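Written out below as structure tokens is the structure these notes cover.
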Amino acid sequence: MRGVSVLWAGLFAVALVASVLVGRSLEVRGGGARLPDDPLYLPSATFLRYASLGYRHMLADFMWIRATQYFGSQLEARTRFQGRYQFLFPMLDLATSLDPQYIHAYRFGGLLLIVVRQYENAISLYEKGYASNPGRWEMPHDLGRLYYLDLKDYAKALQWWKITNELPGRPEYIPRFIPLLYFEAGQREIAIALWLEMYQATDNALIRHMIRGRLESFGVKVGE
Amino acid sequence: MSRIWVIALNTFKEAVRDRILYAILAFATAMIGSTFVLATIGAGSGEKIIRDIGLGFISLFGTLIAIFIGIGLVYKEIDRRTIYTIVSKPIHRYQFVLGKYLGLTLTLFVNVIIMTWALMGLIYIGEGLWDFRLFAASGMILLELMVITGIAILFSAFSTPTLSAIFTLSLFAIGRLLDDLRLFGEQYAGDVGRAVIRAVYYLLPNLGRFNISGEVVHGLPLSEVVSPMAVVYGFLYVTALLALTAVIFQNKDFR
């Protein structure tokens with residue numbers, strides 16, 4: 001009886017060690033043409049919505065984590081491969097389709113897309129976020145920032161920050177930037193008029209000083 | 001009432017002694033704990049991830065408990081022939097069904113409370129606050145589990161545990177997808193198909209009505225999220241299920 005137990009224990013140990021060794025050899029042989037961490041297949045959002053049986057928010061979180069992990073793994077592989085990050089947008093799109101109120105996924109996901117210069121995809125993601133959450137200031141704000149800083153399209157930046165300005169909870173610096181965007185978009189008179197209006201409306205010495213400096217640089221003199 | 005309560009307490013004690021309950025509960029608590037790890041790799045959305053996945057696990061493991069204990073509730077008594085002792089006592093069969101149901105509901109209530117506190121404790125460790133809003137979500141999860149238990153006990157009254165588990169799991173899946181099924185019917189089916197789908201939609205339990213976890217996590221006001229009509233719907237559906245189970249059990253021949 002004891003001999004049989006020893007035999008089984010021995011078999012267990014041998015099988016375990018062998019499986020570890022085979023696993024390691026599979027790791028060494030793997031690689032090939034595929035990018036590390038490249039998914040072979042991404043299901044559609046509609047399919048996942050049904051398949052999740054109502055646990056779609058949970059699935060959206062898993063997809064979001066997967067997207068960030070994918071971004072990190074592709075970052076490491078940058079010296080070896082062209083056409084990286086091709087699944088980044090589809091993954092973010094999936095996460096936000098499963099949970100359309102996932103503000104963080106739109107915002108941080110958009111930033112990841114900007115980092116890898118997928119501007120069109122970033123715009124799509126932000127616009128989708130705004131369409132799903134029309135009362136939230138974050139996505140129009142980020143769209144304005146993308147158009148201003150990365151694409152230098154000041155008219156579009158102005159358009160989105162004017163929307164942001166109307167939304168509750170927006171950052172307090174937005175109104176100060178709008179005249180600057182008018183100026184950058186070539187609408188100098190409106191910019192000056194808005195700065196003057198702001199100058200007269202505020203008691204804050206620092207803000208008045210900043211606006212005065214800005215106005216004077218355009219040749220407009222204002223009193224103390 | 002006291003007879004029903006005695007059976008309920010016995011069912012509760014029996015369930016508490018069941019090793020499968022502890023296995024599921026321990027696994028659920030471990031999985032809820034693992035959300036802490038997921039949250040740390042969630043790149044800034046950790047607070048949402050802990051809540052979403054934690055509530056998801058409470059619902060998922062609660063469903064497993066409801067199904068795997070619920071399907072054996074009546075069948076076990078028949079299989080072990082202890083039912084003869086029970087039906088020979090001055091007790092109505094409907095009292096037996098109600099007692100069994102309430103016993104398992106009590107078990108589920110205790111389990112959901114334990115899992116919710118585990119999740120809240122985890123959030124407290126991470127964020128330093130007690131998120132009592134989660135009780136709204138877990139309350140609705142409990143209501144959903146009560147409906148699932150009702151389905152499980154109904155099948156348990158006339159079928160084997162394996163078949164009961166298959167039927168209950170199928171109804172759980174359909175119940176979770178009923179809104180999509182209706183939408184599908186309205187878009188693609190003909191007149192007859194639409195009528196059939198509409199009938200199915202109203203007859204089967206719409207479990208999606210109890211799923212408010214996403215809205216709670218996104219911070220929507222509870223007054224908008226928790227619908228009193230959904231609660232009424234849940235209790236009415238449970239009543240219908242128990243009444244049907246009582247009818248089947250009443251007419252069952254135990255010879």
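Per chain, numbering begins at 1; letters A, B, ... match sequence-line order. Remember, it's a predicted structure, so these values are computed and weren't measured experimentally. Every heavy atom of this structure was used, including side-chain atoms; hydrogens, water molecules and symmetry mates were not.
Using a 4.5 Å heavy-atom cutoff, the side chains of A:Asp99 and B:Lys48 are in contact. Within the 4.5 Å cutoff, the side chain of A:Phe62 has heavy atoms near those of the B:Ile53 side chain. Taking 4.5 Å as the limit, every side-chain heavy atom of A:His57 sits out of range of all side-chain heavy atoms of B:Val217.
More than 12 heavy atoms of other residues, nucleotides or ligands lie within 6.0 Å of CZ in A:Arg170, so this atom counts as buried by the packing criterion. Few gaps surround CZ on A:Arg107; more than 12 heavy atoms of other groups in view lie less than 6.0 Å from it. Within a 6.0 Å radius of CD in B:Gln187, other residues, nucleotides and ligands contribute more than 12 heavy atoms. In the displayed structure, A:Tyr173 atom OH is contacted under 6.0 Å by more than 12 heavy atoms of other residues, nucleotides or ligands. By the neighbour-count criterion of 12 heavy atoms within 6.0 Å, atom OH of B:Tyr233 is densely surrounded, having more than that number from other residues, nucleotides or ligands. Within a 6.0 Å radius of CZ in B:Phe132, other residues, nucleotides and ligands contribute more than 12 heavy atoms.
In terms of heavy-atom pairs under 4.5 angstrom with chain A, the leader among B:Leu55, B:Leu60, B:Asn211 is B:Leu60.
With a 4.5 Å cut-off on non-hydrogen atoms, B:Ser213 does not touch chain A at all. Contact annotation for A:Tyr55: both backbone and side-chain heavy atoms come within less than 4.5 Å of a heavy atom of chain B.
Across B:Asp180 and A:Arg49, no two heavy atoms sit closer than the pair OD1-NH2, 2.9 Å.
Here the straight-line distance linking atom CD1 of B:Ile49 with atom OH of A:Tyr102 works out to 4.0 Å at 0.5 Å rounding.
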